[in-house]
Each structure stands twice: as structure tokens, then as C-alpha cells.
Asks: 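Have a look at the structure that comes next, please.
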Amino acid sequence: MSLAENRSAVGDDAAAQLVAGLPPPPAVWCSGLRKRYGKQQAVEDVSLEVDRGEVVGLLGPNGAGKTSVIKMLLGLVHPDAGEVMLLGRPAADPAARARVGYLPELFRYQPWLSAAEVLVLHVRLAGIGVSAQEQLDCLSLVGLADRAGDRVGGFSKGMQQRLGLAVALVAGPELVVLDEPTSALDPLGRVDVRDIVLALKSRGVAVLLNSHLIGEVERVCDRVVILDRGRVAASGTLAELLGQREVRLQLADLSPAAEERLAATGVVERAGDWFTVALAADEERTAVPDLVRDLVALGVRVHAVEPARISLEERLLGILRAGKEGDE
Amino acid sequence: MTTTRTVLTIAALTLREALRRRVVLALAVLTLVLLVLSGWGFSRVAAESGATTLTSGEARLTASIMLNLVMFGFSLIAALGTAFLAGPTLSGETESGIALAVLARPIRRSAVLLGKWLGLVGFGGSFVVLAGLAQCLVVRQTVDYWPPQPALALALLVAQTIVLLTLALLLSTAVSPMASGVVAVGLFGATWIAGVVGAIGASLGNDSVARVGTVSRMILPTDGLWRGAMRAFQDPSALVEFGGSEGQAFPFLSVAPLTITYVLWAAVWVAMIWGLAAASFLRKDL
Ligand SMILES: Nc1ncnc2c1ncn2[C@@H]1O[C@H](COP(=O)(O)OP(=O)(O)OP(=O)(O)O)[C@@H](O)[C@H]1O
Ligand SMILES: [Mg+2]
């Protein structure tokens, strides 16, 4: 080996070590995405990130631009502006999608093929070796094992969506994008999807999940991004978004001084003798006992104290309503 | 490497679609009907000439005209078949959503388009060759006529099919599946009629009318290729029999042979339209 070759080999090694030492690039990274359809601004300056092994929920009302964002990530729709990286590669390069599985919102597969043939087609197009047994396993995972040889044209809507899930999962993905994966599924199928997503997460596969079923999102997602009219209205981990706690109190004999004490704790809502007090996320753990002690000292009769947790649904509605009011 | 695999996979898929959707079956039945009918017609011609009511020259002329007529039927079937297959295959798939899952795979859209195109060419081409060859054999069996250049004629028919399906593919990237088929077949018919009008003009010595045919043949090369194919099917003496250049007004005989330049133009035309189709398909939002 000549000296020059030797040196370059050492250089390559060093570079490889450097790269190996770095954390893997995020599964999805996009910045400043914009898309306009005619006069309709569908997406306006959306940036988001999905880390490896992370499950991110994409929430928002109808027409918020969720599907448009997903399609831009996958190169199905051309953004007017913005950048996308998938698994560390620019999305303009089709190879970036080699390890990406996708279940479209509008799931339709070649009706003249059988379920097994659809999987064979997708495996071939993905360019990844997946054995026939693994493909069959994938079909049984979504509950279609006994329909593998049947034509897709004869499938019910829910069965087609299950097949779509199998297609998204079949080629050993490192990122799975699911656009309303349970829209056509029965309650059992929804549980199946939840288990599948959790299994993917445990294997370190990143998932971007768009759903209107907030309970579903709340159960499986690490983080949520809320889109509203093409913009990111809020985003964060569930703990960050739901960090706000509430306490409900049933009180009698309230003096003005006691009301002041309540208002000092947080925003108060009153319904009859029930008072709901919002507590700030960073409130001391002793806030509630302190409040009760002070109220009792002020002569208030305390009938009940109940902790309450804001659900993601309430939080989402709050954010969307705030956005609407801010507009007017 | 991966692109080649994509192209071949999609081409095979397109062929399988034609097979599974019973397009092949429908075409086979149609072809059989046409073959039987023409066989019957040709055997009648043979019976007449056997009774020496027709001279052998007349019989050849009749055979040439009839062969061209039946071949026109085949090219029409091929045109309709491929145009209505090419339309749904692209715009139908984008409309229904089938394309979403496929194009989200690590593949180039141009490779998908090329695969579709190749599949359609394979399908339309083999139909034309098989049906055309069967027809030639029927003619030989019944009236003992064999075209002077059967291979060239069939190749030109295949070329005509390719021209039309490329056009249908371009249209299907831009308009709805049904519209693309209708427009492609409509244009095909219009150039054929323009060709006939032009030939009438030429036989009358009217240059401006003749130009109609020439121009339409440049814009959409189906009719020019079709005339070249007819020329290769028909007996050289048939034209003389029909009355020389007067014969060029007759839609099922061709006077002028095809020039190399024209064939090259047809190839360039196909490449150009394919390029446009690719550009349009690449830009499309699904
Ligand atoms: N192909 C298209 N042509 C024209 N407008 C479109 C197209 N696709 C989306 N839009 C518009 O873009 C906006 C966002 O649509 P998108 O499908 O992304 O919403 P979404 O958040 O997925 O809604 P949903 O919850 O109903 O699925 C809508 O106003 C819609 O009308
Ligand atoms: Mg949507």
C-alpha cells in the first residue's frame, strides 16, 4: 500500500468514527414548508422534527394542512418553499424514502392484485429483501393472514386500510407515516393499531401519526404538533401541553377575602358552589394543601377537593378556539 | 440498477393489469371475430375468382384492399385498446389514490412512467403483431395472397400504436382518464380523415387541400405510418390496376412509400411527447 492510499484510508476511518459517534439524524426534519393551492394557502411555514424512535402526533381540524404536510414530506406534493430531510437525506433524493413506510389517508391498492401480491410489489419497489414468511407475518399482524390470496378489489374498506398498514410496515421501515390509520377500522382494529405503534416505538422506529381520535394520540404519542390553518399552533411533549393542572372545590360560606385567596392561586371558574381553579404547571406541589388550609382559616366550609387533569381534547379545543378569537 | 428494476417491475405490473382486467380477453375475442369474418369474406373472393369472373390482377387488387381494410380494423382496435388502457393507468391511479402508496416508495416518477410506457408498448405491440400475422395467414390460406413486406408493415403498425399510446400517456398526466382516451382516439380519427382529405386533394391536383394531409401527418404521425404500412401490405401491381395516381384518393391503398426521414420524425415525435409527459408527471401534485 502506498503512503497516500494509507493516509486516505486512515482519513476515511477517522471520518467513519466521527460519524458513528454522532447521534443518528432525526427521522423527519422539515423547515419552512409552504404550499398554496390556487387561492387556498394550505400550509404556511410549517417546521417540525421527529426523532428516531419517537412517536409524534399530528393534530388539527379538517383542512388544517396535515395531509398536505405529510405529502410534502414524502415528495408526493411539491412544496412552494421549505426543506425536508428524511432519515438524514434530503427528500429530493428518492433513496431517502428507502426506509419509510406510508399509509395514505386515501388508501387504495391495485384491485386486480391479491393482498400478498401487493406486498410483493411494494417490497420489490422498496428494493429491500423481505422473505415471503416475513411478508405473511406482516399480513397476519394486521389480521389479513387468511385473506392473503384474495383480490384486493373484493376487500371491505377496513380490510383495505389494514392492508395499507401492512404495506407501510412490510419493508423494514425506520420511519412510518400514518395518515388517519384508524379512520375505517373497528374498535378491535384501533386497539391493534395502538399495539402496532407501541411495538414500532419499542423497536426504535419513528412514527408520525395523524389522527382525529385524540384518545388514541394521547395514549401512544410522545409529542404532538397541532396544526391550525396551515400553521403550527402548538407543539410539545404531552407533559408540556397537558402540564396545566386544575383543582375542583365545593365550598360554602365564602367571604370576599376567601374569594381573593382563590383568585390569587389561579383562574377561577364558578358553577354554583363548585369552583374550578387552574394551577400553573410550575406550581408548588403544596399549592393545594396551602389553599385548603387558608380557606379553612378564612372560615370557608370545604365540602370537597378534587384534582382534575386537563385532557388533550380540552387543550386542543382551547388552542383552536384561542386561535379563532385571535383572528377576529 | 434500482431504476431498471423499478421500470421492469412497473412494466410487468402494467401487463398483468391488462391481463387481469380482461383487456386481453376482450381483445382476443374481437380479433377472433374479425379474423373469422375476414376469412369468410376472402373465401368468397376466392370462390368468385375461381369462377374466373375476376382476372388475377383484379383478385390481387381486391385482396390488397381487403387486407388493408381489415388491418385498419386491427389498428383501430389497437389504438382504442391502448389509448383506453394508457389513460386510466396514470390518471386513474392518481385519481383513485393507488399512486400514493406506490410513489412514496424510493423510486423516481420517470422510472414509473417509463415502466408504464414499456408495458403498454409490449402489450399493444404484441397484439398488433399477433393479430396482423394471423390475418396475413388467413389471407394466404383463402386467396393465396402474401403481402410483399409483411415484417415492415407490422413494424409500422406497431409504430403507429406506440405513437398513439404515447400521446394518450401525455394526455393522462394532464386530464381525467376518460377524457384522455377520448381525445387520443379523436385525434387519431381526425388525422386519418385529414389524410384521406389530403389524398383526395392530391389526386385532384389541389395543393392546398393536399397540404391538409401533409400537415396533419406531421402533427400526429399515426396516419403517415399507417399509409406506410398499407403500402407494405398491398400488391405493387394493385395501384396500376386501380388506375395509377388516381388510386391515391382511395383510403385503403397507398401511393407514396414511406421515407426514412418520416420514420425518424415519428421517433423524434415520440421522444418529444414522452419528455413532455415525464415533465408533466414529475410536476404533478398527488
Ligand atoms: N389537491 C388539492 N387541490 C386543492 N386544494 C387542496 C388540495 N389538497 C388540499 N387542498 C387544500 O389544502 C387545505 C389543507 O388540506 P389537507 O388535506 O392538508 O387538510 P387535513 O388537515 O389533512 O384535513 P383532514 O383532517 O380533513 O384530513 C384544505 O383547505 C384543502 O382544501
Ligand atoms: Mg387529512
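Note on naming: letters A, B, ... go to the chains in the order of the sequence lines (proteins, then strands), and numbering restarts at 1 for each one.
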Asks: Can you tell which part of B:Val112 gets under 4.5 Å to a heavy atom of chain A, answering side chain, backbone, both or neither?
Replies: neither
Asks: Check whether A:Ala171 gets within reach of chain B through its side chain, its backbone, both or neither, counting any heavy atom under 4.5 Å.
Replies: side chain
Asks: Would you mind telling me which of A:Pro111, A:Ala98, A:Gly164, A:Ala168 has the largest number of heavy-atom pairs within less than 4.5 Å of chain B?
Replies: A:Ala98
Asks: Report yes if some heavy atom in the side chain of A:Asp93 is under 4.5 Å from a heavy atom in the side chain of B:Pro106; otherwise report no.
Replies: no
Asks: Identify which part of A:Ala126 has an atom lying under 4.5 Å from any heavy atom of chain B, answering side chain, backbone, both or neither.
Replies: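 Looking at A:Ala126, backbone and side chain both touch chain B.
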Asks: Does any heavy atom of chain B fall under 4.5 Å from the side chain of A:Glu105, the backbone, both, or neither of them?
Replies: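 Neither the backbone nor the side chain of A:Glu105 comes within 4.5 Å of chain B.
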Asks: Using heavy-atom distances under 4.5 Å, tell me whether B:Leu8 contacts chain A through its side chain, its backbone, both, or neither.
Replies: neither
Asks: Kindly say whether A:Arg124 contributes a backbone atom to a donor-acceptor pair with the side chain of B:Arg5 at under 3.5 angstrom?
Replies: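 Yes, the answer is positive, given that a donor and an acceptor are paired below the 3.5 Å cut-off.
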Asks: When rounded to the nearest 0.5 angstrom, what is the spacing between CH2 in A:Trp112 and CD in B:Glu17?
Replies: 3.5 Å
Asks: Show, in sequence, the C-alpha distance, side-chain angles and deciding distance for B:Glu93 and A:Arg108, and conclude whether the salt bridge (charged side-chain N to carboxylate O under 4.0 Å, His left out) test is met.
Replies: CA-CA 9 Å; B:Glu93 285 190 1; A:Arg108 283 266 284 144; over 6 Å; no
Asks: Do you know which two heavy atoms are closest between A:Gln110 and B:Leu13, and how far apart they sit?
Replies: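 Shortest heavy-atom contact: NE2-CD2, 4.1 Å.
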Asks: Decide yes or no for B:Arg16 and A:Leu113: does some side-chain heavy atom of the first lie under 4.5 Å from some side-chain heavy atom of the second?
Replies: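 With C-beta onward as the side chain, the pair touches.
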Asks: Chain B heavy atoms under 4.5 Å from A:Arg99: which part of the residue, side chain, backbone, both or neither?
Replies: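 No part of A:Arg99 comes within 4.5 Å of chain B.
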Asks: Compare every heavy atom of B:Arg109 with every heavy atom of A:Gly75, then report the nearest pair and how far apart it is.
Replies: O-NH2, 3.3 Å
Asks: Using a 6.0 Å cut-off, check whether atom CZ of B:Arg108 has over 12 heavy atoms from anything other than its own residue.
Replies: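 Count not over threshold, so no.
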Asks: Using the side chain to side chain contact (heavy atoms under 4.5 Å, CB included) definition, which of the options A:Met72, A:His78, A:Lys71 pairs with B:Asp285?
Replies: A:His78
Asks: Which bit of A:Val167 is near chain B, if near means a heavy-atom gap under 4.5 Å: side chain, backbone, both or neither?
Replies: both
Asks: Measure across A:Ser114 and B:Arg20 and return the closest heavy-atom pair with its distance rounded to 0.1 Å.
Replies: N-NH1, 4.4 Å
Asks: Are more than 12 heavy atoms, taken from residues, nucleotides or ligands other than B:Arg22, located less than 6.0 Å from that residue's CZ atom?
Replies: no
Asks: Quick one: CG on A:Leu106 to CD1 on B:Ile98, what's the gap to the nearest 0.5 Å?
Replies: 9.5 Å
Asks: Out of the candidates A:Leu74, A:Leu125, A:Leu121, only one should pair with B:Arg105 under the side chain to side chain contact (heavy atoms under 4.5 Å, CB included) rule; please name it.
Replies: A:Leu125
Asks: Of all heavy-atom pairs between A:Pro104 and B:Ala101, which one has the smallest distance, and what is that distance?
Replies: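 A:Pro104 and B:Ala101 have their closest heavy atoms at CG-N, 4.2 Å.
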Asks: Nearest 0.5 Å, what's the CG-OH distance between B:Leu100 and A:Tyr102?
Replies: 5.0 Å
